[in-house]
Amino acid sequence: MLDISTTDWRSEAQKLRIRSQALIDGQLVDAASGRTFASVSPIDGRHLADVACGGTEDVDRAVAAARRAFEDGRWSRQSPADRKRVLRRLADLVRANRTELALLETLDMGKPISDSLSIDVRAVANCFDWYGEAIDKIYDEIAPTAHGTVAMVTKEPLGVVAAVVPWNFPMLMAAWKVAPALATGNSVILKPAEQSSLSAIRLAELALEAGVPPGAFNVVTGNGPEVGKALGLHMDVDGLFFTGSTQVGKYFMEYSARSNLKRLGLELGGKSPNIILSSYRDTDHAARTSAQSAFFNQGEMCTCPSRLIVERSIHDQVVETLADTAKSYTPGDPLDPSTKMGALVDARHTERVLGFVDIARRDGATIALGGNQVRQDTGGSYVEPTIFDNVTSGMRVAQEEIFGPMLSVIPVDGEDEAIAVANDSCYGLASAVWTDDLSTAHKFSKNIRAGLVYVNCYDSDDMTTPFGGFKESGIGRDKSLHALDKYVELKTTWMNVAS
Ligand code: NAP
Ligand code: MG
């Protein structure tokens with residue numbers, strides 16, 4: 001059994017054999033054009049690999065392979081029980097290769113190795129297990145129609161589906177789409193984000209080993225405006241399932257409208273309100289948990305509770321505890337198992353995140369903690385946990401998704417103002433309220449426009465619950481049995497059985 005804390009992760013990293021080609025029709029292949037792009041580690045600026053830079057031709061090849069696999073039934077017509085066995089084997093292979101997969105994730109996008117192992121890789125395996133386990137236990141319907149008729153309502157896979165995912169939880173965001181898509185019998189083309197392609201390629205290779213037939217799960221690496229757009233506009237892609245920014249989500253709507261009206265699932269941005277009320281018995285606990293959730297994964301989280309709305313009477317105590325908790329998130333080496341905050345994904349993103357410090361200042365907020373880039377000597381991209389105080393709801397740091405370790409504290413007077421501020425956003429992904437008053441908890445849960453409401457906790461998580469947002473945070477839900485609906489068409493078959 002591998003011990004996270006005693007493993008020498010640097011020497012494990014040296015031993016890695018990194019795959020950097022696309023995986024199309026069961027084969028690792030270069031881009032048709034021969035082009036590559038450099039995968040650079042945000043840990044220390046090290047060059048990790050030259051990754052195949054796909055384009056329209058590669059997308060066409062992958063879609064054709066996926067279509068062939070779908071039409072000849074090598075996956076789509078396997079029984080649910082057989083698909084279950086393969087997906088569960090894949091889950092086992094993910095667990096068996098957890099060191100390698102966790103290292104790929106950490107090296108490529110900078111998150112702490114202990115998180116990659118205990119959160120990302122574990123959740124990916126669990127996701128494949130869960131949808132594998134579920135798929136042979138779901139029945140179709142016979143509608144209660146008139147005597148002499150039978151109307152069957154059956155679910156059929158969409159066909160060829162694409163998944164386009166971001167870099168913050170690279171493999172997990174992919175698994176949330178690929179697992180239900182494969183479970184329901186679709187063929188899949190995955191496009192990982194350029195900053196984090198490596199684990200996707202390895203995952204698809206493990207899927208082949210598990211028994212997913214060639215063509216049923218392809219990976220085309222490359223950049224969004226080429227590969228992502230080509231998938232979005234493709235006339236033979238039946239559904240496109242996206243996790244990423246709201247802006248790019250809007251592009252996909254446009255691509256769908258301009259092509260074949262392919263079905264879309266959109267998991268987009270967030271600016272989640274987290275409300276601490278004086279009616280909660282333990283202000284310090286609420287503030288500590290809030291800081292941990294805000295700075296987890298370097299704040300690169302769609303559900304990051306980045307707007308802390310607090311009743312003025314407890315404001316000072318909350319800010320003090322937030323700042324104190326933030327100290328344990330001082331950025332460190334992501335390959336050190338004790339590190340809780342790693343590197344931001346790349347230099348460009350780091351620059352954008354740091355830009356919000358000046359924006360906050362100009363708008364009149366105060367910088368209660370942090371605001372600086374650190375560990376520059378490593379050649380990597382690290383930003384201190386940062387707290388903006390005395391923020392008002394109209395300020396840019398209260399409205400825009402920063403996607404870094406930056407938290408805005410907004411003082412309010414009373415519950416109604418808290419709800420109004422919470423809803424003053426184009427986003428509606430996650431939210432939280434801290435209170436010991438049952439009626440207040442219920443009032444907030446009813447009145448906050450968000451797909452997730454946490455009461456006296458944050459980021460509770462389970463495969464059984466749907467995940468996704470209201471408003472510009474997206475359309476549709478990942479996870480849970482509800483997610484399966486995205487990947488199937490309903491077919492009604494009427495039969496006249498009158499005798
Ligand atoms: P992004 O810029 O929207 O990119 C996401 C994916 O879309 C990447 O694979 C990207 O490819 C591709 N893409 C970019 N431009 C494109 C275009 N013009 N046409 C087609 N595809 C395009 O998002 P990100 O910066 O990677 O990730 C951060 C965002 O994801 C945040 O907004 C965050 O809230 C959101 N997110 C949402 C959830 C959720 O479940 N709601 C979960 C996690 C993250 P390249 O990067 O390779 O160009
Ligand atoms: Mg990278």
Side-chain angles (χ1 to χ4, degrees), residues 37-39 51-56 59 108-109 111 120 123 162-177 189-198 200 219-234 237 240-256 258-259 262 264-272 296-306 344-346 348-350 352-353 400-404 425-430 450-452 459 461 465-479 483 486:
F37 64 89
S39 160
V51 180
C53 186
T56 316
V59 167
D108 215 2
M109 59 68 69
K111 73 171 70 193
D120 296 67
V164 178
V165 297
W167 45 257
N168 62 335
F169 291 86
M171 241 191 326
L172 185 57
M173 294 303 98
W176 282 5
K177 301 188 191 311
I189 299 141
L190 169 65
K191 190 211 107 50
E194 242 176 299
Q195 293 97 325
S196 58
S197 308
L198 306 180
V219 174
V220 181
T221 48
N223 65 55
E226 289 182 76
V227 176
K229 185 175 177 182
L231 287 166
L233 285 171
H234 208 290
V237 169
L240 192 142
F241 302 93
F242 172 71
T243 297
S245 61
T246 293
Q247 184 55 55
V248 175
K250 290 180 181 180
Y251 293 156
F252 277 110
M253 278 221 136
E254 206 185 305
Y255 301 152
S256 172
R258 275 166 53 196
S259 55
K262 59 180 62 59
L264 295 178
L266 303 174
E267 296 287 347
L268 310 176
K271 189 77 191 177
S272 301
F296 169 61
N297 212 51
Q298 301 72 242
E300 294 167 326
M301 277 218 305
C302 52
T303 53
C304 177
S306 54
L344 296 195
V345 71
D346 63 19
R348 207 178 61 174
H349 182 59
T350 303
R352 185 186 158 274
V353 167
E400 295 177 27
E401 187 177 41
I402 299 175
F403 223 60
S425 172
C426 66
Y427 297 113
L429 187 53
L452 291 152
D459 268 339
D461 189 38
T465 57
F467 183 98
F470 285 22
K471 302 198 268 186
E472 293 186 39
S473 287
I475 297 173
R477 296 291 182 267
D478 278 339
K479 297 171 62 194
K486 292 197 296 193

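In each ligand, atom 1 is the first atom listed, and ligand 1 is the first ligand listed. None of the values given here were measured: they were computed from a predicted structure. Hydrogens, waters and symmetry mates play no part in the numbers below; they use all other heavy atoms, side chains included.
Not a single heavy atom of Gly249 lies less than 4.0 angstrom from ligand 1. Within the structure, ligand 1 lacks Trp176 among the residues with a heavy atom less than 4.0 angstrom away. Residue Phe169 places no heavy atom under 4.0 Å from ligand 1. Heavy-atom separations between Gln195 and ligand 1 include at least one value shorter than 4.0 Å.
Near Thr243, meaning under 4.0 Å from any of its heavy atoms, are these atoms of ligand 1: 5 (C), 36 (N), 37 (C), 38 (C), 39 (C), 40 (O), 42 (C), 43 (C), 44 (C). For ligand 1 and Met173, the ligand atoms under 4.0 Å from any heavy atom of the residue are 42 (C), 43 (C). Numbered from 1 in the order shown, with element, the atoms of ligand 1 that lie under 4.0 Å from a heavy atom of Gly222 read 47 (O). Set against the non-hydrogen atoms of Val164, the atoms of ligand 1 under 4.0 Å away are 6 (C), 7 (O), 9 (O), 12 (C). Each of the atoms 20 (C), 21 (N) of ligand 1 lies under 4.0 Å from some heavy atom of Phe252. Set against the non-hydrogen atoms of Phe242, the atoms of ligand 1 under 4.0 Å away are 3 (O), 5 (C), 6 (C), 7 (O).
Here atom 14 (C) of ligand 1 lies nearest to Val248 when heavy atoms of Leu240, Leu172, Val248 are compared.
Residue contacts with ligand 1 for Leu268 involve N, CA, C or O but no side-chain atom from C-beta outward (heavy atoms, distance under 4.0 Å). Within the 4.0 Å heavy-atom criterion, neither part of Gln247 lies near ligand 1. Under 4.0 angstrom from ligand 1, the non-hydrogen atoms of Leu429 all belong to its side chain.
Residues Val219 and Pro192 have side chains in contact (heavy-atom distance under 4.5 Å, counting atoms from C-beta outward). The side-chain heavy atoms of Asp478 and Phe241, taken from C-beta on, include no pair separated by under 4.5 Å. Side-chain atoms of Asp346 and Trp167, non-hydrogen and from C-beta on, never get closer than 4.5 Å to each other. The side-chain heavy atoms of Glu401 and Thr246, taken from C-beta on, include no pair separated by under 4.5 Å. Counting heavy atoms from C-beta outward, Lys271 and Ile402 have side chains that approach closer than 4.5 Å.
Proximity of a side-chain donor or acceptor of Lys471 to a complementary backbone N or O of Ser425 within less than 3.5 Å is detected. Here the side chain of Thr243 pairs no donor or acceptor atom with the backbone of Val165 at under 3.5 angstrom. Between the side chain of Ser197 and the backbone N or O of Thr221 there is no donor-acceptor pair closer than 3.5 Å. A distance-only check finds a donor-acceptor pair linking the side chain of Ser473 to the backbone of Gly269 [under 3.5 Å]. Here the side chain of Asn168 pairs no donor or acceptor atom with the backbone of Asn297 at under 3.5 angstrom. Here the side chain of Arg477 pairs a donor or acceptor atom with the backbone of Gly469 at under 3.5 angstrom.
Among protein heavy atoms, the minimum distance from atom 35 (C) of ligand 1 is reached at Gly244 O, 3.2 Å. Among all non-hydrogen protein atoms, the one lying nearest atom 32 (O) of ligand 1 is Glu401 OE1, 2.6 Å. Counting protein heavy atoms only, atom 13 (N) of ligand 1 is closest to Gly224 CA, 3.4 Å. Closest to atom 39 (C) of ligand 1, if we only count protein heavy atoms, is Cys302 SG, 3.3 Å. Atom 23 (O) of ligand 1 has as its closest protein heavy atom Ser245 N, 3.5 Å. Distance from atom 44 (C) of ligand 1 to its nearest protein heavy atom, with residue and atom name: Asn168 ND2, 3.5 Å. For atom 19 (N) of ligand 1, the nearest non-hydrogen atom of the protein is Tyr255 OH, 2.9 Å. Nearest to atom 11 (O) of ligand 1 among the protein's heavy atoms is Lys191 NZ, 3.1 Å.
Polar contact with ligand 1: present for Trp167 (N/O pair, distance under 3.5 Å). Below 3.5 Å of separation, one finds no N or O of Tyr251 facing any N or O of ligand 1. The shortest N or O to N or O distance between Val165 and ligand 1 is under 3.5 Å.
Each of Phe252, Tyr251, Tyr255 was compared with Phe242 under the ring-ring contact (aromatic ring centres under 6.0 Å, His included) criterion, and only Phe252 meets it.
Not less than 6.0 angstrom separates the ring centroid of Phe169 from the ring centroid of Trp176.
Taking the six-membered ring where tryptophan is involved, the planes of Phe403 and His349 are perpendicular, since the angle between them exceeds 60° and thus also 30°.
Classification of Lys111 and Glu300 as a salt-bridged pair fails, no side-chain N sitting under 4.0 Å from a carboxylate O.
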